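I have placed the structure first, in the form of structure tokens, so that the comments after it can refer back to it.
Numbered from 1 within each chain, the chains take letters A, B, ... in sequence-line order. No experiment lies behind these values; they were computed from the predicted model shown.
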Amino acid sequence: MSNDRIDDIFEEAFKGSNIFRNKNVLFHDYIPERLPFRESQINRVAKIFSSLIRREKGSNVFIYGKPGTGKTAVIKYVLNKFTDFVREKGINIHTSYVNCRIAGTEYRVLTSIAQDIGLHLPFTGLSVEEALSRVIFKIKNDNIPFLIIFDEIDVLISRYGDKILYSLTRSGYESLSVPYVIVGISNNLRFKEYLDPRVLSSLGEEEIVFKPYTASELEVILRERASIAFYKDAIDLAAIKLAAALSAAEHGDARKALDMLRVAGEIAEEKGASKVSEDHVREAYSRIDVERTYEVVRSLPLHSKLIILSLIKVGGGPIQASKLFGVYKSICESIGEKPLSYRRFHGLITELSLLGIANRRIYNYGRRGGRISSIRIDGSINEILNIIRDDPLLEDIAF
DNA sequence: TTTCCACCGGAAAATGAGGTCC
DNA sequence: GGACCTCATTTTCCGGTGGAAA
């Protein structure tokens, strides 16, 4: 890139945008002042939290809904108001919000809770049992009401079981008179199958279901956000309607709708347009998919990329798994890399197909041919190859 | 109905790198 | 300093599984 071009970019940034007034409101983590169509859920959650103000045990609650239906936004919205209120009134309540998928492990979930209740835990070196008992001891010792929100709780439960939930509920109000509320948020309605009946009866006292937004609801949400995010007259109403309709067709996902508006605005800026149009939204719709593929492939580990290269080497497939394994081993040898076991290779194929990079189909040829797993690449070979070429380790062998 | 093929995927163990505790 | 811990990744083992062929 020439110095002139870099200077142009800096110059444009200095001048500022003529499209966006405040792009931040189109990102997922922005909590708006108003959450339309979620008033009843907000009231129910606020009522549950409010019992702690009176030092009374509140109902625990499970919250369900598909991605982008406003679960996390509602909880964070009420939590912000709640913490502001108790701080103002000088009421001492421990609150903790932990995203179980981002935390990743049982131990890190405990570390996050510990931090929020003013307890230091080393980031490794203790057993989960020890960490849990320190958290419980701190709660007992402080005798302060506590509110813990487990977002994406299904990830924690399906991987590690319900030990933390069981211990927290057993050590709470019943034995110590410490009022508490535990909130579990999940995309998956069926995760309760993993719970011990005692935990289920204790935690499932209330359930709130978030239905997907309809196209007209999404339109109202987008119009509100767009009025803050864009300058007056910098976006067509038709563009907002289109983004709402496209997202409504995909399970009413508000996050995707906001992404679409943001990317459409960026495209309009790149093209020097004065207004975001329907065409920009359409382009954003396809660009979001390409960007997703780019991010997914770019962040894959080396051997997953080698498997993709093996698939590209055979023209994208379809190819039998065992034969693909042979191609993969030869590529590994050519770069002096030790190939993984077949079991691990098989696991990576499963991951690639879950990510939508590869497509696996099973054919059964019975006694003569057995059960054949046929794998092919899903998406544009050239596009994926270009992404893999960005990896310095693979730029020379990516044919 | 049984056999057989190639694969699926759960479970446990191994590995190695980071750390804490006493 | 040695025992013990987490964590991510990988290997090893092995009991399914579907369905055409025998």
Whether the side chain of A:R371 and the base of C:dG16 hold a donor-acceptor pair under 3.5 Å is what I'd like checked. no
Of the nucleotides B:dC7, C:dT6, C:dT11, which one has an atom closest to the side chain of A:Y342? B:dC7
A:T105 has its side chain closest, among C:dC7, C:dC13, C:dA21, to C:dC7
With sugar-phosphate meaning primed atoms plus P, OP1 and OP2, does A:Q320 contact a base, only sugar-phosphate, or nothing at under 4.0 Å between heavy atoms? sugar-phosphate
Tell me whether the OP1 or OP2 atom of C:dT12 has a side-chain N or O from A:S341 closer than 4.0 Å. no
Which one, C:dC13, C:dA20, C:dT10, comes nearest to the side chain of A:R343? C:dC13
Write down the distance between CD1 (A:I372) and P (C:dA21), rounded to a whole number of angstrom. 13 Å
In whole Å, I'd like the distance from the CG atom of A:L306 to the P atom of C:dT9. 16 Å
Determine the contact category for A:R134: base if any of its heavy atoms lies under 4.0 Å from a base atom, sugar-phosphate if only primed atoms, P, OP1 or OP2 are that close, otherwise nothing. sugar-phosphate
What's the closest nucleotide to the A:N364 side chain, out of B:dC7, C:dG18, C:dT11? C:dG18
I need the CG-P distance between A:L300 and C:dA8, as an integer number of Å. 18 Å
Out of B:dA6, B:dC8, C:dA21, whichever nucleotide has its closest atom nearest the side chain of A:I362: B:dC8
Tell me whether the rings of A:F325 and A:Y342 are parallel (<30°), tilted (30 to 60°) or perpendicular (>60°). perpendicular
Specify the residue among A:S373 and A:G370 whose closest nucleotide of DNA chain B lies further upstream toward the 5′ end. A:G370
Rounded to the nearest angstrom, tell me the gap between atom CG in A:L340 and atom C1' in B:dT15. 14 Å
Residue A:H346, side-chain heavy atoms: nucleotide from B:dG9, B:dT3, C:dT11 that is nearest: B:dG9
Find the distance A:L132:CG to C:dC5:C1' and express it as a whole number of Å. 16 Å
Taken to the nearest whole Å, CZ/A:F325 to P/B:dC7 is 11 Å
Mutual orientation of the aromatic rings belonging to A:F62 and A:Y64 [parallel < 30°, tilted 30-60°, perpendicular > 60°]: tilted
Interatomic distance where CZ belongs to A:R108 and C1' belongs to C:dC7 [whole Å]: 7 Å
Check for me whether A:K23 meets the cation-pi criterion with A:F20, that is, NZ or CZ under 6.0 Å from the six-membered ring centre and within 45 degrees of the ring axis. yes
Cation over ring face, A:K66 and A:F210, 6.0 Å, 45°: no
Give the rounded distance in Å between these two atoms: CZ of A:R360 and P of B:dA6. 17 Å
Kindly say whether A:I102 contributes a backbone atom to a donor-acceptor pair with the side chain of A:N99 at under 3.5 angstrom? yes
